[in-house]
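We name chains A, B, ... by the order of the sequence lines, and we start the count at 1 in each one. No experiment lies behind these values; they were computed from the predicted model shown.
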Amino acid sequence: MIAAFLNIRIKQFIRAMSGLGLFRVVFLSGLLGFGAFVIFMLSSGEPNSYYVTGGMVLMLIILHLNRRDKAFLKTHFNAYRLLFLVEYALIAFPIALVLSIHSQWIPLLLLIASIGIVTQLDYKPKQRSTNSLLQRLIPSAGFEWKAGIRRSLFFIVPLWFIGLGTSFFIGSVPIVLFILGIIPISFYENGEPIQMILSYEKNSHQFLWLKIKLQLILYSAITLPLIGAFILFHTEFWYIPFIEYLVFITLHIFLILTKYTFYQPNSKSPAASIFASIGALASIIAVFLPIVWLLSIRFYVKSVKNLNFYLDDYN
Amino acid sequence: MITIKDLTVSYEKPIKVINGLSLSLGEDTIHGIVGLNGSGKTTLLNTLYGIKKPDAGEIRHDESPLTKKLMSYLVTENFFYSNITGREYLGLFKNQAFDEDKWNQLFLLPLDQIIDGYSTGMKKKLALLGILKQDKPIMILDEPFNGLDIETCRVIRSILLRLKEKGKTIVITSHIIETLTNLCDFIHFLENGAIKISHDKTGFNAFEREIFESIENRNVQMIDDLMK
(Lines give C-alpha, C1' and ligand atoms only; values in the text may rest on other atoms or scores of the structure.)
Protein backbone atom coordinates (compact mmCIF):
# COMPACT_ATOMS: atom_id res chain seq x y z
CA MET A 1 0.00 0.00 0.00
CA ILE A 2 2.74 2.45 0.99
CA ALA A 3 4.80 1.52 -2.06
CA ALA A 4 1.75 2.14 -4.29
CA PHE A 5 1.14 5.50 -2.65
CA LEU A 6 4.77 6.58 -2.96
CA ASN A 7 4.62 5.54 -6.60
CA ILE A 8 1.68 7.95 -7.03
CA ARG A 9 3.70 10.69 -5.30
CA ILE A 10 6.63 10.12 -7.69
CA LYS A 11 4.26 10.34 -10.68
CA GLN A 12 2.76 13.57 -9.27
CA PHE A 13 6.28 14.99 -8.88
CA ILE A 14 7.22 14.03 -12.46
CA ARG A 15 4.00 15.60 -13.78
CA ALA A 16 4.70 18.82 -11.84
CA MET A 17 8.24 18.90 -13.25
CA SER A 18 6.97 18.32 -16.80
CA GLY A 19 4.55 21.20 -16.27
CA LEU A 20 7.47 23.47 -15.36
CA GLY A 21 9.40 22.89 -18.57
CA LEU A 22 13.08 22.09 -19.09
CA PHE A 23 14.44 25.65 -18.76
CA ARG A 24 12.75 26.25 -15.42
CA VAL A 25 13.74 22.82 -14.10
CA VAL A 26 17.41 23.53 -14.93
CA PHE A 27 17.15 27.04 -13.44
CA LEU A 28 15.49 25.79 -10.27
CA SER A 29 17.94 22.91 -9.95
CA GLY A 30 20.74 25.48 -10.02
CA LEU A 31 19.08 27.53 -7.30
CA LEU A 32 18.35 24.45 -5.22
CA GLY A 33 21.96 23.35 -5.64
CA PHE A 34 23.11 26.73 -4.36
CA GLY A 35 20.65 26.52 -1.46
CA ALA A 36 21.88 23.01 -0.64
CA PHE A 37 25.48 24.26 -0.67
CA VAL A 38 24.59 27.12 1.74
CA ILE A 39 22.82 24.66 4.07
CA PHE A 40 25.76 22.25 3.88
CA MET A 41 28.20 24.99 4.87
CA LEU A 42 25.89 26.36 7.57
CA SER A 43 25.27 23.07 9.30
CA SER A 44 28.93 22.19 9.86
CA GLY A 45 28.91 23.51 13.43
CA GLU A 46 26.77 24.65 16.33
CA PRO A 47 24.51 26.58 16.71
CA ASN A 48 23.77 26.74 12.97
CA SER A 49 23.10 23.00 12.75
CA TYR A 50 20.29 23.53 15.30
CA TYR A 51 18.86 26.39 13.22
CA VAL A 52 18.89 24.23 10.07
CA THR A 53 17.17 21.40 11.98
CA GLY A 54 14.64 23.86 13.42
CA GLY A 55 13.92 25.24 9.93
CA MET A 56 13.35 21.75 8.56
CA VAL A 57 11.04 20.78 11.43
CA LEU A 58 9.09 24.03 11.04
CA MET A 59 8.67 23.33 7.33
CA LEU A 60 7.37 19.82 8.08
CA ILE A 61 4.91 21.15 10.68
CA ILE A 62 3.54 23.74 8.22
CA LEU A 63 3.31 21.08 5.52
CA HIS A 64 1.55 18.65 7.85
CA LEU A 65 -0.98 21.18 9.17
CA ASN A 66 -1.83 22.48 5.72
CA ARG A 67 -2.05 19.25 3.72
CA ARG A 68 -5.54 18.64 2.43
CA ASP A 69 -5.38 14.90 1.88
CA LYS A 70 -5.44 13.98 5.57
CA ALA A 71 -9.17 13.15 5.64
CA PHE A 72 -8.77 11.07 2.46
CA LEU A 73 -5.82 9.14 3.86
CA LYS A 74 -7.52 8.57 7.21
CA THR A 75 -10.60 7.07 5.59
CA HIS A 76 -8.73 4.89 3.10
CA PHE A 77 -5.57 3.74 4.88
CA ASN A 78 -5.25 2.19 8.34
CA ALA A 79 -1.53 2.92 8.45
CA TYR A 80 -1.83 6.56 7.38
CA ARG A 81 0.61 7.74 10.07
CA LEU A 82 3.23 5.38 8.71
CA LEU A 83 2.65 6.97 5.32
CA PHE A 84 3.25 10.44 6.79
CA LEU A 85 6.39 9.12 8.47
CA VAL A 86 7.82 7.74 5.22
CA GLU A 87 7.01 10.93 3.29
CA TYR A 88 8.51 13.27 5.88
CA ALA A 89 11.56 11.04 6.31
CA LEU A 90 12.17 11.24 2.56
CA ILE A 91 11.77 15.04 2.58
CA ALA A 92 14.11 15.44 5.56
CA PHE A 93 16.64 12.93 4.26
CA PRO A 94 19.03 15.50 2.65
CA ILE A 95 19.22 17.47 5.92
CA ALA A 96 19.73 14.25 7.92
CA LEU A 97 22.52 13.30 5.53
CA VAL A 98 24.22 16.69 5.88
CA LEU A 99 23.99 16.50 9.70
CA SER A 100 25.50 12.98 9.66
CA ILE A 101 28.40 14.11 7.43
CA HIS A 102 29.19 16.89 9.92
CA SER A 103 28.73 14.51 12.89
CA GLN A 104 25.98 16.71 14.33
CA TRP A 105 24.39 13.82 16.21
CA ILE A 106 22.19 15.73 18.65
CA PRO A 107 20.46 17.84 15.97
CA LEU A 108 20.11 14.64 13.91
CA LEU A 109 18.39 12.84 16.79
CA LEU A 110 16.17 15.87 17.35
CA LEU A 111 15.22 15.85 13.66
CA ILE A 112 14.33 12.15 13.70
CA ALA A 113 12.31 12.50 16.92
CA SER A 114 10.52 15.57 15.54
CA ILE A 115 9.46 13.70 12.39
CA GLY A 116 7.82 11.09 14.62
CA ILE A 117 6.05 13.78 16.66
CA VAL A 118 4.87 15.71 13.58
CA THR A 119 3.10 12.61 12.22
CA GLN A 120 1.08 12.44 15.46
CA LEU A 121 -0.17 16.03 15.19
CA ASP A 122 -3.88 16.09 14.52
CA TYR A 123 -4.70 19.76 14.78
CA LYS A 124 -6.85 21.58 12.25
CA PRO A 125 -6.65 25.39 12.36
CA LYS A 126 -10.16 26.73 13.02
CA GLN A 127 -11.56 29.00 10.34
CA ARG A 128 -13.31 31.99 11.84
CA SER A 129 -15.80 34.34 10.23
CA THR A 130 -14.07 37.35 11.76
CA ASN A 131 -15.68 40.51 10.46
CA SER A 132 -13.55 43.06 12.26
CA LEU A 133 -13.24 46.78 11.57
CA LEU A 134 -10.01 45.91 9.77
CA GLN A 135 -11.96 43.71 7.34
CA ARG A 136 -14.32 46.56 6.51
CA LEU A 137 -11.36 48.85 5.76
CA ILE A 138 -10.02 46.46 3.12
CA PRO A 139 -11.72 47.05 -0.26
CA SER A 140 -13.70 44.18 -1.82
CA ALA A 141 -11.18 43.95 -4.65
CA GLY A 142 -8.45 43.03 -2.15
CA PHE A 143 -10.02 39.67 -1.34
CA GLU A 144 -6.57 38.06 -0.89
CA TRP A 145 -5.94 40.47 1.98
CA LYS A 146 -9.39 39.92 3.45
CA ALA A 147 -8.79 36.16 3.46
CA GLY A 148 -5.18 36.46 4.61
CA ILE A 149 -5.89 38.93 7.42
CA ARG A 150 -8.76 36.76 8.60
CA ARG A 151 -6.38 33.79 8.74
CA SER A 152 -3.56 35.63 10.54
CA LEU A 153 -5.39 38.39 12.45
CA PHE A 154 -4.66 36.94 15.89
CA PHE A 155 -0.98 36.92 15.04
CA ILE A 156 -0.67 40.17 13.10
CA VAL A 157 -2.43 42.50 15.58
CA PRO A 158 -0.35 41.63 18.68
CA LEU A 159 2.80 41.58 16.55
CA TRP A 160 2.06 45.06 15.18
CA PHE A 161 1.43 46.51 18.66
CA ILE A 162 4.56 44.83 20.08
CA GLY A 163 6.55 46.32 17.18
CA LEU A 164 5.13 49.79 17.79
CA GLY A 165 5.42 49.58 21.58
CA THR A 166 9.04 48.45 21.51
CA SER A 167 10.16 50.61 18.60
CA PHE A 168 12.72 52.32 20.85
CA PHE A 169 14.76 49.08 20.63
CA ILE A 170 16.70 49.24 17.39
CA GLY A 171 16.04 45.63 16.35
CA SER A 172 12.34 45.52 17.12
CA VAL A 173 10.76 47.28 14.13
CA PRO A 174 13.02 45.65 11.50
CA ILE A 175 12.12 42.18 12.86
CA VAL A 176 8.38 42.96 12.88
CA LEU A 177 8.65 44.46 9.38
CA PHE A 178 10.36 41.29 8.22
CA ILE A 179 7.56 39.08 9.59
CA LEU A 180 4.86 41.39 8.21
CA GLY A 181 6.62 41.24 4.83
CA ILE A 182 6.74 37.44 4.83
CA ILE A 183 3.09 36.91 5.83
CA PRO A 184 1.52 38.27 2.58
CA ILE A 185 3.51 35.70 0.57
CA SER A 186 0.86 33.13 1.53
CA PHE A 187 -1.95 35.49 0.44
CA TYR A 188 -1.23 34.85 -3.24
CA GLU A 189 -1.00 31.05 -3.21
CA ASN A 190 -4.39 30.12 -4.62
CA GLY A 191 -5.93 30.88 -7.98
CA GLU A 192 -9.36 32.44 -7.65
CA PRO A 193 -12.39 31.32 -9.68
CA ILE A 194 -12.68 32.93 -13.09
CA GLN A 195 -15.78 34.91 -12.03
CA MET A 196 -13.62 36.76 -9.54
CA ILE A 197 -11.05 38.01 -12.06
CA LEU A 198 -13.80 38.88 -14.52
CA SER A 199 -15.68 40.84 -11.87
CA TYR A 200 -13.16 43.71 -12.17
CA GLU A 201 -14.13 44.16 -15.86
CA LYS A 202 -10.59 45.32 -16.67
CA ASN A 203 -8.02 44.30 -19.25
CA SER A 204 -4.87 42.42 -18.24
CA HIS A 205 -2.66 45.52 -17.77
CA GLN A 206 -5.31 47.36 -15.76
CA PHE A 207 -6.03 44.26 -13.72
CA LEU A 208 -2.36 43.70 -12.79
CA TRP A 209 -1.81 47.37 -11.93
CA LEU A 210 -4.90 47.33 -9.72
CA LYS A 211 -3.62 44.26 -7.89
CA ILE A 212 -0.17 45.85 -7.43
CA LYS A 213 -1.68 49.17 -6.32
CA LEU A 214 -3.89 47.44 -3.74
CA GLN A 215 -0.93 45.48 -2.40
CA LEU A 216 1.16 48.67 -2.09
CA ILE A 217 -1.61 50.56 -0.31
CA LEU A 218 -2.49 47.79 2.12
CA TYR A 219 1.10 46.83 2.92
CA SER A 220 2.07 50.50 3.34
CA ALA A 221 -0.92 51.10 5.61
CA ILE A 222 0.32 48.52 8.12
CA THR A 223 4.06 49.17 7.83
CA LEU A 224 4.42 52.97 7.51
CA PRO A 225 3.38 53.73 11.12
CA LEU A 226 6.06 51.27 12.31
CA ILE A 227 8.67 52.83 10.03
CA GLY A 228 7.65 56.28 11.31
CA ALA A 229 8.10 55.14 14.94
CA PHE A 230 11.53 53.65 14.12
CA ILE A 231 12.72 56.88 12.46
CA LEU A 232 11.48 58.85 15.45
CA PHE A 233 13.75 56.92 17.83
CA HIS A 234 16.66 56.06 15.50
CA THR A 235 16.79 58.90 12.96
CA GLU A 236 20.38 58.15 11.90
CA PHE A 237 19.40 54.63 10.82
CA TRP A 238 16.33 55.72 8.80
CA TYR A 239 17.50 53.70 5.79
CA ILE A 240 17.22 50.28 7.53
CA PRO A 241 13.39 49.97 7.57
CA PHE A 242 13.17 51.96 4.35
CA ILE A 243 15.34 49.44 2.46
CA GLU A 244 13.42 46.58 4.07
CA TYR A 245 10.13 48.16 2.97
CA LEU A 246 11.38 48.55 -0.61
CA VAL A 247 12.71 44.98 -0.76
CA PHE A 248 9.39 43.56 0.42
CA ILE A 249 7.40 45.72 -1.98
CA THR A 250 9.40 44.32 -4.89
CA LEU A 251 8.93 40.80 -3.52
CA HIS A 252 5.18 41.25 -3.26
CA ILE A 253 4.98 42.58 -6.81
CA PHE A 254 7.00 39.55 -7.90
CA LEU A 255 4.51 37.27 -6.12
CA ILE A 256 1.51 38.86 -7.80
CA LEU A 257 3.15 38.56 -11.21
CA THR A 258 4.18 34.96 -10.51
CA LYS A 259 0.64 34.07 -9.49
CA TYR A 260 -0.90 35.43 -12.69
CA THR A 261 1.85 34.06 -14.94
CA PHE A 262 0.80 30.56 -13.93
CA TYR A 263 -2.83 31.40 -13.13
CA GLN A 264 -5.46 28.80 -13.82
CA PRO A 265 -8.90 29.16 -12.25
CA ASN A 266 -9.48 27.33 -8.97
CA SER A 267 -6.02 25.88 -8.64
CA LYS A 268 -2.73 26.28 -6.88
CA SER A 269 0.12 26.21 -9.36
CA PRO A 270 3.20 24.19 -8.31
CA ALA A 271 5.36 26.41 -10.53
CA ALA A 272 4.05 29.58 -8.84
CA SER A 273 4.69 28.02 -5.42
CA ILE A 274 8.29 27.23 -6.33
CA PHE A 275 8.96 30.74 -7.62
CA ALA A 276 7.25 32.21 -4.54
CA SER A 277 9.70 30.27 -2.37
CA ILE A 278 12.57 31.85 -4.32
CA GLY A 279 10.98 35.21 -3.50
CA ALA A 280 10.83 34.26 0.17
CA LEU A 281 14.47 33.16 0.04
CA ALA A 282 15.41 36.53 -1.47
CA SER A 283 14.31 38.21 1.75
CA ILE A 284 17.01 36.25 3.61
CA ILE A 285 19.67 35.67 0.94
CA ALA A 286 20.16 38.97 -0.90
CA VAL A 287 21.88 37.22 -3.86
CA PHE A 288 18.42 36.18 -5.04
CA LEU A 289 17.09 39.75 -5.20
CA PRO A 290 18.41 40.64 -8.69
CA ILE A 291 16.96 37.32 -9.93
CA VAL A 292 13.59 38.31 -8.47
CA TRP A 293 13.74 41.75 -10.13
CA LEU A 294 14.69 40.32 -13.52
CA LEU A 295 12.04 37.62 -13.28
CA SER A 296 9.46 40.28 -12.38
CA ILE A 297 9.97 41.96 -15.76
CA ARG A 298 9.68 38.64 -17.56
CA PHE A 299 6.65 37.58 -15.53
CA TYR A 300 4.84 40.86 -16.18
CA VAL A 301 4.91 40.11 -19.91
CA LYS A 302 3.95 36.49 -19.33
CA SER A 303 1.12 37.25 -16.92
CA VAL A 304 -0.38 39.78 -19.35
CA LYS A 305 -0.28 37.08 -22.01
CA ASN A 306 -1.83 34.48 -19.69
CA LEU A 307 -4.56 36.83 -18.43
CA ASN A 308 -5.38 37.97 -21.96
CA PHE A 309 -6.98 34.59 -22.52
CA TYR A 310 -9.56 35.40 -19.83
CA LEU A 311 -9.73 39.20 -20.06
CA ASP A 312 -9.29 39.86 -23.77
CA ASP A 313 -12.91 41.00 -24.09
CA TYR A 314 -12.04 44.03 -21.92
CA ASN A 315 -9.22 45.21 -24.16
CA MET B 1 -29.47 35.82 -31.60
CA ILE B 2 -26.43 33.71 -30.74
CA THR B 3 -25.18 31.78 -33.76
CA ILE B 4 -22.76 28.89 -33.41
CA LYS B 5 -21.39 27.67 -36.72
CA ASP B 6 -19.31 24.56 -37.43
CA LEU B 7 -17.76 24.57 -33.98
CA THR B 8 -14.99 22.06 -33.31
CA VAL B 9 -13.27 21.76 -29.95
CA SER B 10 -10.73 19.27 -28.71
CA TYR B 11 -8.50 18.85 -25.67
CA GLU B 12 -6.18 16.27 -27.16
CA LYS B 13 -6.19 15.99 -30.89
CA PRO B 14 -7.54 14.12 -32.79
CA ILE B 15 -10.38 13.43 -30.30
CA LYS B 16 -13.03 16.08 -30.92
CA VAL B 17 -15.26 16.77 -27.93
CA ILE B 18 -17.35 19.17 -30.01
CA ASN B 19 -17.46 18.10 -33.61
CA GLY B 20 -18.81 20.54 -36.20
CA LEU B 21 -21.64 21.78 -33.98
CA SER B 22 -24.04 24.39 -35.36
CA LEU B 23 -26.84 25.93 -33.33
CA SER B 24 -28.91 29.10 -33.19
CA LEU B 25 -30.05 30.40 -29.81
CA GLY B 26 -32.83 32.96 -30.04
CA GLU B 27 -33.14 35.89 -27.64
CA ASP B 28 -35.60 36.18 -24.74
CA THR B 29 -35.82 32.41 -24.52
CA ILE B 30 -34.57 29.59 -22.30
CA HIS B 31 -32.52 26.98 -24.10
CA GLY B 32 -31.86 23.64 -22.45
CA ILE B 33 -28.93 21.48 -23.48
CA VAL B 34 -29.14 17.83 -22.49
CA GLY B 35 -26.73 15.02 -23.01
CA LEU B 36 -25.16 12.08 -21.25
CA ASN B 37 -22.02 12.44 -19.13
CA GLY B 38 -19.09 13.26 -21.40
CA SER B 39 -21.26 14.38 -24.29
CA GLY B 40 -19.58 17.80 -24.35
CA LYS B 41 -22.12 20.00 -22.52
CA THR B 42 -19.60 21.77 -20.27
CA THR B 43 -17.06 22.05 -23.10
CA LEU B 44 -19.71 23.70 -25.26
CA LEU B 45 -20.54 26.18 -22.49
CA ASN B 46 -16.87 26.90 -21.76
CA THR B 47 -16.32 27.62 -25.46
CA LEU B 48 -19.44 29.76 -25.63
CA TYR B 49 -18.17 31.78 -22.68
CA GLY B 50 -14.67 32.03 -24.16
CA ILE B 51 -12.62 30.09 -21.63
CA LYS B 52 -11.95 27.25 -24.05
CA LYS B 53 -10.51 28.02 -27.44
CA PRO B 54 -12.23 26.33 -30.37
CA ASP B 55 -10.15 24.59 -33.04
CA ALA B 56 -12.53 25.83 -35.72
CA GLY B 57 -15.88 27.51 -36.19
CA GLU B 58 -17.35 30.77 -34.97
CA ILE B 59 -19.68 32.08 -32.32
CA ARG B 60 -21.46 35.37 -32.96
CA HIS B 61 -23.98 37.54 -31.21
CA ASP B 62 -26.06 39.17 -33.93
CA GLU B 63 -23.32 40.41 -36.25
CA SER B 64 -20.59 40.86 -33.63
CA PRO B 65 -18.36 38.38 -31.81
CA LEU B 66 -19.86 37.18 -28.52
CA THR B 67 -17.95 38.68 -25.57
CA LYS B 68 -17.84 38.08 -21.82
CA LYS B 69 -19.21 41.59 -21.31
CA LEU B 70 -22.63 40.25 -22.32
CA MET B 71 -22.58 37.03 -20.34
CA SER B 72 -22.55 35.60 -16.86
CA TYR B 73 -21.60 31.98 -16.32
CA LEU B 74 -22.50 29.62 -13.51
CA VAL B 75 -19.98 26.79 -13.55
CA THR B 76 -20.81 23.27 -12.37
CA GLU B 77 -18.31 22.97 -9.56
CA ASN B 78 -18.73 25.10 -6.46
CA PHE B 79 -15.31 26.64 -6.04
CA PHE B 80 -14.82 29.80 -4.01
CA TYR B 81 -11.77 31.59 -2.70
CA SER B 82 -11.01 30.34 0.79
CA ASN B 83 -11.56 32.46 3.91
CA ILE B 84 -13.85 35.10 2.45
CA THR B 85 -17.49 35.61 3.42
CA GLY B 86 -20.49 35.32 1.12
CA ARG B 87 -21.01 39.08 1.32
CA GLU B 88 -17.39 39.74 0.37
CA TYR B 89 -17.78 37.47 -2.65
CA LEU B 90 -20.91 39.31 -3.79
CA GLY B 91 -19.16 42.62 -3.12
CA LEU B 92 -16.84 41.92 -6.04
CA PHE B 93 -19.63 42.35 -8.58
CA LYS B 94 -20.46 45.92 -9.44
CA ASN B 95 -24.20 46.44 -9.34
CA GLN B 96 -25.29 49.08 -6.85
CA ALA B 97 -28.97 48.45 -7.59
CA PHE B 98 -28.79 44.84 -6.39
CA ASP B 99 -30.03 44.51 -2.82
CA GLU B 100 -28.13 41.50 -1.51
CA ASP B 101 -30.09 41.19 1.72
CA LYS B 102 -33.45 41.42 -0.01
CA TRP B 103 -32.51 38.75 -2.54
CA ASN B 104 -31.08 36.64 0.25
CA GLN B 105 -34.51 36.41 1.85
CA LEU B 106 -35.19 33.84 -0.87
CA PHE B 107 -32.04 31.83 -0.20
CA LEU B 108 -31.45 32.40 3.55
CA LEU B 109 -27.66 32.27 3.33
CA PRO B 110 -25.41 33.27 6.26
CA LEU B 111 -23.72 35.96 4.15
CA ASP B 112 -21.42 37.17 6.94
CA GLN B 113 -19.89 33.75 7.51
CA ILE B 114 -16.94 32.42 5.53
CA ILE B 115 -17.94 30.36 2.50
CA ASP B 116 -15.75 27.39 3.48
CA GLY B 117 -18.37 26.39 6.04
CA TYR B 118 -21.27 26.46 3.55
CA SER B 119 -22.93 23.23 2.40
CA THR B 120 -22.89 22.24 -1.29
CA GLY B 121 -26.38 23.63 -1.80
CA MET B 122 -25.52 26.89 -0.04
CA LYS B 123 -22.48 27.36 -2.26
CA LYS B 124 -24.63 26.83 -5.33
CA LYS B 125 -27.13 29.41 -4.06
CA LEU B 126 -24.33 31.91 -3.45
CA ALA B 127 -22.96 31.37 -6.96
CA LEU B 128 -26.48 31.95 -8.31
CA LEU B 129 -26.79 35.17 -6.30
CA GLY B 130 -23.52 36.28 -7.91
CA ILE B 131 -24.94 35.53 -11.37
CA LEU B 132 -28.14 37.43 -10.59
CA LYS B 133 -26.13 40.39 -9.30
CA GLN B 134 -24.12 40.56 -12.52
CA ASP B 135 -27.40 41.10 -14.41
CA LYS B 136 -25.98 40.33 -17.88
CA PRO B 137 -28.25 39.89 -20.93
CA ILE B 138 -27.05 36.31 -21.51
CA MET B 139 -26.91 33.81 -18.66
CA ILE B 140 -25.15 30.48 -19.03
CA LEU B 141 -25.98 28.01 -16.29
CA ASP B 142 -24.21 24.66 -16.10
CA GLU B 143 -26.22 22.24 -13.96
CA PRO B 144 -27.76 24.95 -11.74
CA PHE B 145 -30.09 22.53 -9.95
CA ASN B 146 -27.37 20.13 -8.74
CA GLY B 147 -27.31 19.85 -4.95
CA LEU B 148 -30.33 22.08 -4.36
CA ASP B 149 -33.44 21.23 -2.35
CA ILE B 150 -36.92 21.10 -3.95
CA GLU B 151 -37.95 24.53 -2.67
CA THR B 152 -34.84 26.26 -4.00
CA CYS B 153 -35.22 24.48 -7.36
CA ARG B 154 -38.74 25.89 -7.65
CA VAL B 155 -37.58 29.35 -6.56
CA ILE B 156 -34.86 29.34 -9.19
CA ARG B 157 -37.26 28.12 -11.84
CA SER B 158 -39.58 31.05 -11.05
CA ILE B 159 -36.67 33.53 -11.15
CA LEU B 160 -35.45 32.22 -14.50
CA LEU B 161 -38.93 32.47 -16.02
CA ARG B 162 -39.16 36.10 -14.79
CA LEU B 163 -35.71 36.87 -16.19
CA LYS B 164 -36.80 35.51 -19.56
CA GLU B 165 -39.81 37.84 -19.46
CA LYS B 166 -37.38 40.70 -18.81
CA GLY B 167 -35.52 39.87 -22.01
CA LYS B 168 -32.67 37.64 -20.86
CA THR B 169 -31.37 34.78 -22.95
CA ILE B 170 -30.68 31.76 -20.79
CA VAL B 171 -28.69 28.68 -21.76
CA ILE B 172 -28.97 25.90 -19.22
CA THR B 173 -27.67 22.35 -19.05
CA SER B 174 -28.81 19.38 -17.10
CA HIS B 175 -28.45 15.66 -17.33
CA ILE B 176 -31.86 15.37 -15.66
CA ILE B 177 -34.24 15.99 -18.52
CA GLU B 178 -37.29 16.61 -16.27
CA THR B 179 -35.71 19.74 -14.81
CA LEU B 180 -35.62 21.26 -18.27
CA THR B 181 -38.93 20.21 -19.78
CA ASN B 182 -40.94 22.37 -17.37
CA LEU B 183 -38.68 25.38 -17.81
CA CYS B 184 -37.21 25.66 -21.31
CA ASP B 185 -38.60 26.94 -24.58
CA PHE B 186 -36.21 24.75 -26.56
CA ILE B 187 -34.26 21.63 -25.70
CA HIS B 188 -31.23 20.59 -27.71
CA PHE B 189 -29.87 17.06 -27.43
CA LEU B 190 -26.09 16.86 -27.55
CA GLU B 191 -24.53 13.57 -28.57
CA ASN B 192 -20.98 12.84 -29.76
CA GLY B 193 -20.14 16.52 -29.85
CA ALA B 194 -23.00 17.65 -32.06
CA ILE B 195 -26.63 18.66 -31.64
CA LYS B 196 -28.51 15.55 -32.67
CA ILE B 197 -31.99 17.01 -32.39
CA SER B 198 -33.72 20.21 -31.20
CA HIS B 199 -37.32 20.42 -29.97
CA ASP B 200 -39.65 23.22 -29.00
CA LYS B 201 -42.22 22.77 -26.21
CA THR B 202 -44.65 20.87 -28.41
CA GLY B 203 -42.16 18.05 -28.91
CA PHE B 204 -40.87 17.69 -25.32
CA ASN B 205 -43.07 14.71 -24.35
CA ALA B 206 -42.21 12.67 -27.41
CA PHE B 207 -38.55 13.64 -27.08
CA GLU B 208 -38.42 12.56 -23.43
CA ARG B 209 -40.05 9.21 -24.26
CA GLU B 210 -37.73 8.62 -27.18
CA ILE B 211 -34.60 9.37 -25.13
CA PHE B 212 -35.59 7.11 -22.23
CA GLU B 213 -36.54 4.24 -24.52
CA SER B 214 -33.29 4.52 -26.43
CA ILE B 215 -31.21 4.49 -23.22
CA GLU B 216 -33.14 1.57 -21.74
CA ASN B 217 -32.98 -0.49 -24.92
CA ARG B 218 -29.26 0.14 -25.21
CA ASN B 219 -28.53 -1.20 -21.71
CA VAL B 220 -31.24 -3.75 -21.01
CA GLN B 221 -29.29 -6.71 -22.37
CA MET B 222 -26.19 -5.87 -20.36
CA ILE B 223 -28.17 -5.38 -17.13
CA ASP B 224 -29.95 -8.71 -17.70
CA ASP B 225 -26.60 -10.45 -18.13
CA LEU B 226 -25.14 -8.86 -15.02
CA MET B 227 -28.15 -9.59 -12.82
CA LYS B 228 -28.39 -13.30 -13.71
Verify the neighbour count for atom CD of A:Gln264: are there more than 12 heavy atoms of other residues, nucleotides or ligands below 6.0 Å? no
For the CZ atom of B:Phe93 and the OG atom of A:Ser140, what is their distance to the nearest 0.5 Å? 11.0 Å
Of the backbone (N, CA, C, O) and the side chain (C-beta and beyond), which part of B:Phe80 lies under 4.5 Å from a heavy atom of chain A, both, or neither? backbone
For the atom pair CZ (A:Phe187) and CG (B:Asn83), what is the distance rounded to the nearest 0.5 Å? 10.0 Å
Show the numbers, then the answer: is there a side chain to side chain contact (heavy atoms under 4.5 Å, CB included) between A:Tyr200 and B:Leu92? CA-CA 7 Å; A:Tyr200 296 88; B:Leu92 284 166; 4.1 Å; yes
From B:Lys69 atom NZ to A:Glu201 atom CD, the distance as rounded to the nearest 0.5 Å: 9.0 Å
I need the contact set between residues 142-164 of chain B and chain A: heavy-atom distance under 4.5 Å, sorted by residue number. none
Surrounding NZ of A:Lys74 (heavy atoms of other residues, nucleotides or ligands, distance under 6.0 Å), is the total greater than 12? yes
Quick one: do A:Arg150 and B:Glu88 make a salt bridge, cutoff under 4.0 Å? yes
Atom of B:Ser82, atom of A:Ala147 and distance for their closest heavy-atom approach: O-CB, 3.3 Å
Are more than 12 heavy atoms, taken from residues, nucleotides or ligands other than A:Phe309, located less than 6.0 Å from that residue's CZ atom? yes
Look at atom NZ of A:Lys305 and say whether more than 12 heavy atoms of other residues, nucleotides or ligands are closer to it than 6.0 Å. no
Expected contact set for residues 43-61 of chain B against chain A at heavy-atom separation under 4.5 Å reads B:Tyr49, B:Gly50, B:Ile51, B:Lys52, B:Lys53
With sequence neighbours excluded, tell me which residues meet side-chain hydrogen bond (donor to acceptor under 3.5 Å, both in side chains) with B:Trp103. none
Is A:Ile194 close to chain B through its backbone or its side chain, or both, or neither, when contacts mean heavy atoms under 4.5 Å? side chain
I want to check something: taking the side chain as every heavy atom from C-beta on, are B:Tyr73 and A:Leu198 in contact at a cut-off of under 4.5 Å? no
Looking only at heavy atoms and a cut-off of under 4.5 Å, which of A:Gln195, A:Glu144, A:Glu192 has the most pairs with chain B? A:Gln195
Within the 4.5 Å heavy-atom criterion, are A:Lys146 and B:Ile114 side-chain neighbours or not? no
Sort by residue number and list every member of residues 14-27 of chain B having a non-hydrogen atom under 4.5 Å from chain A. none
Atom CD of B:Glu63: over 12 foreign heavy atoms under 6.0 Å: no
Within the side chain of A:Asp313, is there an N or O that forms a donor-acceptor pair under 3.5 Å with the backbone of B:Lys68? yes
